[in-house]
Amino acid sequence: MKNFLLIISVLLIAANANAQEAFSFGVKGGASFFNYDTEFLNKHDNPNISNYEQETLPGYNIGVFAKIFLTGPLYFQPEVYYSQKSMKETITVVEGSIPLKFAKNDVMHFVDVPLLLNATIFDFTFAGKIYGMAGPNFSFLTSSKETYGTNFGTTSNPNTEDLIKDATENDFKTLNYTLQAGLGYEIRKFHVDFRYERGLMNMSEENFDMTLNNFMIGIGLRFM
């Protein structure tokens with residue numbers, strides 16, 4: 001009887017372990033350090049704009065993920081997370097021989113849906129494992145806000161403000177396709193990963209040609 005109960009206990013533990021191996025889910029969050037390969041398309045149409053500079057600020061993301069066993073070392077890892085990206089822009093306008101600099105800030109909010117293939121590279125058993133991941137990401141813009149600086153009072157031309165706003169307005173596309181790839185380390189229910197994300201399309205509807213470059217670091221916790 002004791003042996004029978006022992007065998008049943010071992011089978012239940014194995015079944016539970018296999019169930020956890022077949023499917024798990026958890027929460028994740030992290031930081032992103034990104035920039036945009038940007039070409040200002042309206043420079044020739046606006047000769048008074050002599051220079052355009054862009055500075056991106058660190059962003060963040062928070063969301064959920066799942067891991068679904070496929071075969072061997074392979075897992076399907078879908079994710080859904082909220083992310084924020086922001087940047088500062090400096091536009092230099094020449095009036096006569098006097099260069100004037102104007103500031104503009106953009107804050108963008110996204111819901112990202114990466115569909116990743118996760119592959120174990122090295123399994124150290126009790127010491128954790130190293131894995132690689134890669135796949136497409138569908139990035140949905142939920143909102144964006146442009147804020148202009150208050151330094152338009154320095155210009156003598158009342159049309160300068162309208163010129164700058166028309167020339168640098170960034171009407172972002174609501175859907176952006178990217179690719180993500182990276183490496184991670186997992187031990188027990190915790191993981192940390194490093195990713196590179198590359199945009200596959202121009203994010204801007206007008207005035208700019210913008211393609212995303214993004215380096216991400218994230219941590220996660222599995223519940224199963």
* Asked: Do Tyr60 and Tyr82 touch side chain to side chain, with heavy atoms closer than 4.5 Å?
  -> yes
* To do: Measure from the side-chain N and O atoms of Arg195 to the backbone N and O of Ala134, and report whether any donor-acceptor pair falls under 3.5 Å.
  => no
* Test Asn176 against Phe110 for side-chain contact (heavy atoms from CB on, under 4.5 Å), laying out the working first. => CA-CA 10 Å; Asn176 185 33; Phe110 299 89; 5.5 Å; no
* **Side-chain heavy atoms of Val111 within contact of Val80, under 4.5 Å** => yes
* **Same cluster (ILVMFWY, side-chain, under 4.5 Å), Phe76 and Phe23** => yes
* **Validation row: Lys104, Glu146 side chains within 4.5 angstrom (heavy atoms)** => yes
* Structure fact -> Between Leu116 and Gly135 the two heavy atoms that sit nearest each other are CD2-N, 3.7 Å
* Can you tell me if Thr142 uses its side chain to pair, donor with acceptor, with the backbone of His109 under 3.5 Å? -> yes
* Nearest non-hydrogen partners of Gly26 and Phe223, listed with the distance -> CA-CD1, 3.9 Å
* To do: Answer yes or no: are there more than 12 heavy-atom neighbours, outside Phe190 itself, under 6.0 Å from its atom CZ?
  => no
* Asked: Are Val113 and Tyr177 co-members of a hydrophobic cluster defined by side-chain heavy atoms under 4.5 Å apart?
  -> yes
* With no hydrogens and no angle check, do the side chains of Asn137 and Thr178 hold a donor and an acceptor under 3.5 Å apart? -> yes
* Asked: salt bridge (Lys or Arg N to Asp or Glu O under 4.0 Å): which pairs involve residues 23-33, sequence neighbours left out?
  -> Lys28-Glu79
* Asked: Got Leu179 and Pro136 here, is their nearest side-chain heavy-atom distance under 4.5 Å?
  -> yes
* Taking all non-hydrogen atoms of both residues into account, name the closest pair between Ser139 and Asp112 and its distance. => OG-OD1, 2.8 Å
* What distance do Glu197 atom CD and Ser32 atom OG have between them, rounded to the nearest 0.5 Å? -> 8.5 Å
* Structure fact -> Rounding to 0.5 Å, atoms NE2 (His191) and CD1 (Ile130) come to a distance of 14.5 Å
* To do: Could you tell me whether the side chain of Leu183 reaches within less than 4.5 Å of the side chain of Phe194, counting heavy atoms only?
  => no
* **Cluster check Val27, Ile68: I/L/V/M/F/W/Y, side chain < 4.5 angstrom** => yes
* To do: Would you give the length of the straight line joining atom CZ of Phe65 to atom OG of Ser24, rounded to the nearest 0.5 angstrom?
  => 6.0 Å
* To do: Is it possible for you to say whether Leu117 and Phe138 belong to one hydrophobic cluster, with membership spreading through side-chain heavy-atom contacts below 4.5 Å?
  => yes
* To do: Could you check if a side-chain atom of Thr211 sits within less than 4.5 angstrom of a side-chain atom of Asp209, using non-hydrogen atoms only?
  => yes
* To do: Step through the shown structure and confirm whether more than 12 heavy atoms of other residues, nucleotides or ligands are within 6.0 Å of CG on Leu74.
  => yes
* Structure fact -> Rounding to 0.5 Å, atoms NZ (Lys173) and CG (Leu175) come to a distance of 10.0 Å
* For the side chain of Asn202 and the backbone of Met210, is there at least one donor-acceptor N/O pair under 3.5 Å apart? -> yes
* All salt bridge (Lys or Arg N to Asp or Glu O under 4.0 Å) counterparts of Asp37, not counting sequence neighbours -> Arg198
* **Test item: side-chain donor near acceptor, Tyr131 and Asp123, under 3.5 Å** => no
* To do: For the pair Phe34 and Tyr36, name the ring-plane relationship: parallel under 30°, tilted 30 to 60°, perpendicular over 60°.
  => perpendicular
* Shared hydrophobic cluster for Ile187 and Phe122 (ILVMFWY, side-chain gaps under 4.5 Å) -> yes
* Euclidean distance, Phe33 CZ relative to Thr56 OG1, rounded to 0.5 Å -> 10.5 Å
* Please round to the nearest 0.5 Å and tell me the distance separating atom CD of Gln77 and atom CG of Leu70. => 11.0 Å
